[in-house]
Structure formats: structure tokens, C-alpha cells
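Below: the structure, in C-alpha cells.
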Amino acid sequence: MPPSTSRPPRHGPKLVSALVSVTLGLLAIGLAVPRLYAETATLIGQAAIGEAQRKSRAQAPDAIDQDRIRPDEMRDVAALLDGAARMSGSPMAHSLAGQARLLTADHAVRTGQPAAASVEAAVAGLSAAVAANPADPYVWARLTHAEYRAGRPTAAASAWHMSVLTGPYHPDLMELRLIQGWGLQDWLEPPARAAFEEQVMLYWRLDPGETTLFAHRHGAEALLRRLLSGDPEALDEFNLRYDSIPSASAPSASAGSARP
């Protein structure tokens with residue numbers, strides 16, 4: 001019988017293909033881990049920060065309540081988000097980390113504790129967030145607050161203007177934007193000052209009642225009367241609304257004491 005000429009099957013190509021598939025799978029897992037970690041950390045951070053903000057809003061503005069924000073817990077949340085931001089470069093992780101640091105700093109200021117380290121960490125996180133996503137007006141607004149807390153009103157005024165430039169019409173930001181701009185008016189450059197007055201008029205058209213309350217609380221009635229002077233009907237409406245505010249409800253801030 002002639003010797004068999006059959007050869008054993010060649011597994012080389014199949015083996016290489018399998019190894020490539022495994023390698024690509026491992027690579028995909030490795031690439032997905034930072035994203036998965038960042039998304040998980042972001043969900044945890046959003047929940048913790050949202051809860052702290054809800055507690056803060058439920059308290060009287062001048063109340064010092066140690067349970068409103070738990071500094072150790074918020075620092076842990078910030079550290080988790082810092083790690084996620086470093087691993088993934090996520091603008092949201094950077095932003096939330098800065099927000100957690102800022103909440104910690106605000107709590108420290110209210111309770112007479114050192115706040116400088118938390119403030120600078122907040123500025124760093126929020127600055128990284130706007131560097132990664134410079135079109136987010138909400139993060140610019142938070143950076144405004146952080147820079148002011150850090151004692152840099154000129155930088156805060158620049159951040160405030162960027163918040164307006166990146167999103168001139170955001171109803172959820174309007175009241176905060178007016179309070180910040182009013183407190184920073186001495187540091188606003190002429191274009192930013194003009195933008196502030198445009199925001200005041202925009203808020204008036206959106207909600208004249210709340211704009212009147214803003215003017216009353218912060219001593220800005222002269223500004224509103226000047227801006228509305230070209231529209232007699234609107235000026236009369238403002239004066240009527242302003243005069244209807246109970247006299248016992250005294251302004252909570254003078255013309256120069258509003259703060260971002």
C-alpha cells in the first residue's frame with residue numbers, strides 16, 4: 001500500500017485569528033474600563049451632590065447645619081470623581097469633582113473652617129472641565145463662584161462673561177447670573193457690563209416679578225429704572241410691582257454687598 005500523502009490539518013491561521021480576537025477583546029475591555037468607571041463615578045457624584053443641594057435649599061439661607069453637607073463624605077465623592085477624571089478625561093467628572101470641592105469649601109466658610117485648599121481644588125476641577133468642554137455655561141457659572149471664593153474677582157468676572165457668551169439664554173441660570181454679575185460689577189469689562197445689562201432685560205422679559213424681587217433684595221432698583229426708562233409702560237409696571245412689596249420685607253443686601 002502506498003504511503004499516505006495526507007497531512008495533519010494546519011491550525012496556524014486559525015490560532016492566529018483566535019489570538020487576534022482575544023487580544024482585540026481584551027483591548028476593548030481595557031478601553032471600556034475607564035469609561036465605565038467614569039460613568040459609575042459620575043452617577044454616584046450626581047446623586048451625592050444633588051442630595052447635598054436639596055438639603056441646602058431646604059434650610060434657611062443663614063442657618064449653619066452640620067448635617068446639611070457632610071464634609072468627609074463630600075471629600076470622598078470628590079476624590080472618586082478626581083480619579084475618574086484622571087482616568088477618562090471626562091469633562092463631567094472634572095465638573096462634578098469641582099462642584100463637590102466647592103460645596104465642601106462653602107460649608108467650611110459657613111462653619112468657620114479653613115477653606116482655601118478646597119477652593120483651589122474646586123477651581124482646578126472646574127478649570128479642567130471648561131478646558132475639556134468650553135461651551136458649557138453652567139460650569140463657567142460654577143467657576144465664577146469658585147474664583148470669587150478664591151479671592152480672584154477679576155478671574156471670576158471673566159468666567160461670568162464666558163458663561164453668558166456660551167449660553168446667553170438659560171432660564172435656569174438667570175437668577176444666579178444676575179446675582180453674580182451684580183456682585184462682580186466693579187470688575188466687569190465694558191463688554192461684560194453691557195452683557196450684564198442685557199441679561200437683566202432678558203430676565204425682566206422672562207419673569208418681571210422675579211426681576212423686581214432681585215432688584216429689591218440686592219438694591220438694584222436704580223439700575224432697573226434706568227434700563228426701563230425707554231419703555232414707560234414697563235417702567236410703570238416695575239414701579240407698581242416694586243411698591244407692592246411689603247415694607248417689612250427689607251432688602252437683604254445693599255447695592256454693593258451682593259456676592260457670587
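This structure is a prediction, so every number in the text was calculated from the model and none was measured.
Counting heavy atoms from C-beta outward, Leu103 and His107 have side chains that stay 4.5 Å or more apart. Between Leu184 and Thr144 the shortest side-chain heavy-atom distance falls below 4.5 Å. Side-chain contact between His161 and Trp140: absent, with no pair of heavy atoms (C-beta onward) separated by less than 4.5 Å. A heavy-atom distance below 4.5 Å is found between the side chains of Asp106 and Arg149. Residues Phe196 and Arg177 form no side-chain contact, since every pair of their non-hydrogen atoms from C-beta on lies 4.5 Å or further apart. Side-chain contact between Thr166 and Asp136 is absent, with no heavy-atom pair separated by less than 4.5 Å. Residues Leu143 and Ser127 have side chains in contact (heavy-atom distance under 4.5 Å, counting atoms from C-beta outward). Within the 4.5 Å cutoff, no side-chain heavy atoms of Leu202 are placed close to those of Glu198.
Here the CD atom belonging to Gln180 is positioned 10.5 Å from the CG atom belonging to Leu188, to the nearest 0.5 angstrom. The distance from the CG atom of Leu206 to the OH atom of Tyr169 is 5.0 Å, given to the nearest 0.5 Å. Distance check: Trp160 CH2 to Trp187 CH2 gives 14.5 Å after rounding to the nearest 0.5 Å. Between the CD1 atom of Ile49 and the CG atom of Leu102 there is a distance of 10.0 Å, given to the nearest 0.5 Å. Between the CD atom of Glu175 and the CD atom of Gln199 there is a distance of 13.0 Å, given to the nearest 0.5 Å. With values rounded to the nearest 0.5 angstrom, Arg75 atom CZ is found 13.0 Å from Asp82 atom CG.
The two residues Leu173 and Tyr138 make their nearest non-hydrogen contact at CG-CE2, 3.6 Å. Closest approach of Leu224 to Thr211, counting heavy atoms only: CD1-CG2, 3.9 Å. Looking at every heavy atom in both residues, Ala150 comes nearest to Val123 through CB-CG2, 4.4 Å. Here the closest heavy-atom approach between residue Tyr203 and residue Glu210 is recorded as OH-CB, 3.2 Å. Annotation for Ala52 and Met74: closest pair CB-CE, 3.7 Å, computed over non-hydrogen atoms. In plain terms, the two heavy atoms of Ala132 and Pro91 that are nearest each other are CB-CG, 3.7 Å.
Counting heavy atoms of neighbouring residues, nucleotides and ligands inside a 6.0 Å radius, atom CE of Met174 exceeds 12 of them.
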Walk me through it: do Glu237 and Arg241 pass the test salt bridge (charged side-chain N to carboxylate O under 4.0 Å, His left out)? CA-CA 6 Å; Glu237 180 182 355; Arg241 288 178 179 275; 3.0 Å; yes

Stepwise salt bridge (charged side-chain N to carboxylate O under 4.0 Å, His left out) test for Glu147 and Arg142: CA-CA 9 Å; Glu147 290 284 18; Arg142 294 181 192 117; over 6 Å; no

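Ion pair Arg152/Glu120 flagged as a salt bridge, since at least one NZ, NE, NH1 or NH2 atom sits closer than 4.0 Å to an Asp/Glu carboxylate oxygen. We find that Glu197 and Arg226 are joined by a salt bridge, their nearest charged nitrogen and carboxylate oxygen being less than 4.0 Å apart.
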